[in-house]
Amino acid sequence: MYLEVAEGSVMETKPAGTTLLDRTFRVSLILKGLDGILELVGGVLLLLVTPKQIGDLVRFLTQHELAQDPNDFLANSLVHLSSNLSGSATLFGAIYLLLHGLVKIVLVWAVLKDKLWAYPWMIAFLLIFIFYQGYRIVVAFSWGLVLLTAFDIFIVWITGREYRLHRARNQQPSPTSQPAD
């Protein structure tokens, strides 16, 4: 938002040229930031909770569903995954989530604050994870990971677009800085 002063009063106005794509960019970034917060919380929880406690919690949460449908794919998959957790896998998951979440939060905050340096870093960070997610999709296919990767690709594209627009805007001389004839 920009502030405009008109005869002693301050009025908020929308930035000139705010489009649906601009608003989509901001909402997408906010979603990425919220995802980063959830990753931080998940990373902390993985540090505090043992693999056995995770397995016990998953069995407790899925017992009702499995009692109704012993062949429930999602519930059985969760129980299977949680029973195979090791201490080293949990530690790796915690470190991964903490670092990924922290970097994501910092970059989202910086981009939302229009810090020009953050745009290329955001794009590079997401591209690294897109390649990793692509590898994971090939090794162990998951529709959730496909959707997350598609969302990340969209974020990279829209962040690149916004970066080009901000750079172009910053390179244009402002009307007040032009020399008088």
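Any value given below was found using the heavy atoms of this structure, including those in side chains, with hydrogens, waters and symmetry copies removed. Numbers here simply count residues along the sequence, with the first being 1.
Note that CZ of Arg169 is 13.0 Å distant from CZ of Arg164, once rounded to the nearest 0.5 Å. Distance CD1/Ile153 to CG/Leu127: 9.0 Å, rounded to 0.5 Å. Taken from CG in Leu47 to CG in Leu98, the straight-line distance is 5.5 Å, to the nearest 0.5 Å.
Judged as a side chain to side chain donor-acceptor pair (under 3.5 Å), the pairs with a partner in residues 123-147 (not counting sequence neighbours) are, in order, Gln133-Thr149, Gln133-Asp152.
Taking each heavy atom of Leu102 and Leu40 in turn, the nearest pair found is N-CD2, 3.8 Å. Across Gly42 and Leu97, no two heavy atoms sit closer than the pair C-CD1, 3.9 Å. Closest heavy-atom contact between Ile158 and Leu21: CD1-O, 3.5 Å. Taking both residues in full, the closest heavy atoms of Asn76 and Asn71 are given as ND2-C, 3.5 Å, listed atom of the first, atom of the second, then distance. What you find for Leu46 and Thr90 is that their closest heavy atoms are O-CG2, 3.4 Å. Closest non-hydrogen pair, Ala94 versus Gly43, comes out as CB-O, 3.5 Å.
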Check your understanding: Can you list the steps and then say if Leu38 with Leu34 is a side-chain contact (heavy atoms from CB on, under 4.5 Å)?
Key -> CA-CA 6 Å; Leu38 290 175; Leu34 292 174; 5.7 Å; no
Exercise for review: Begin with the C-alpha distance, continue with both residues' side-chain angles, and end with the deciding distance and a verdict on side-chain contact (heavy atoms from CB on, under 4.5 Å) for Phe125 and His100.
Suggested key: CA-CA 9 Å; Phe125 175 72; His100 192 253; 3.4 Å; yes
Practice item. Could you go through the side-chain contact (heavy atoms from CB on, under 4.5 Å) check for Val111 and Glu162 one step at a time? Key: CA-CA 10 Å; Val111 169; Glu162 288 292 318; over 6 Å; no
**Study point:** Worked check of side-chain contact (heavy atoms from CB on, under 4.5 Å) between Glu65 and Leu74
**Key:** CA-CA 10 Å; Glu65 183 60 35; Leu74 181 60; over 6 Å; no
Point to revise | Worked verdict on Lys52 versus Asp56 for salt bridge (charged side-chain N to carboxylate O under 4.0 Å, His left out) | key: CA-CA 6 Å; Lys52 182 188 178 323; Asp56 292 344; 2.9 Å; yes
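In this structure, Phe131 places its CZ atom where only 12 or fewer heavy-atom neighbours from other residues, nucleotides or ligands lie under 6.0 Å away. Within 6.0 Å of CZ in Arg26 there are 12 or fewer heavy atoms belonging to other residues, nucleotides or ligands.
Leu81 and Phe141 end up in different hydrophobic clusters when Ile, Leu, Val, Met, Phe, Trp and Tyr side chains are linked at under 4.5 Å. Under a hydrophobic clustering in which Ile, Leu, Val, Met, Phe, Trp and Tyr are joined whenever their side-chain heavy atoms come within less than 4.5 Å, directly or via other members, Val156 and Val146 fall into different clusters. In the hydrophobic cluster analysis, where Ile, Leu, Val, Met, Phe, Trp and Tyr join through side-chain heavy atoms closer than 4.5 angstrom, Val108 is grouped apart from Leu165. When the side chains of ILVMFWY residues are joined at heavy-atom separations under 4.5 Å, either directly or via intervening members, Leu66 and Leu57 end up in two distinct hydrophobic clusters. Linking ILVMFWY side-chain heavy atoms closer than 4.5 Å, directly or via other members, places Ile30 and Phe151 in a single hydrophobic cluster.
Between the side chain of Asp35 and the backbone N or O of Leu31 there is no donor-acceptor pair closer than 3.5 Å. Remark: side-chain polar atoms of Arg167 are not paired, donor with acceptor, to backbone N or O of Tyr163 under 3.5 angstrom. The backbone N or O of Thr19 lies less than 3.5 Å from a partner atom in the side chain of Asp22, making a donor-acceptor pair.
Side chains of Lys32 and Leu126 form a contact here, defined as non-hydrogen atoms less than 4.5 Å apart. You'll find the side chain of Leu29 stays beyond 4.5 Å of the side chain of Trp109, heavy atoms only.
Ring geometry for Phe25 versus Tyr119: interplanar angle under 30°, hence parallel rather than tilted (30 to 60°).
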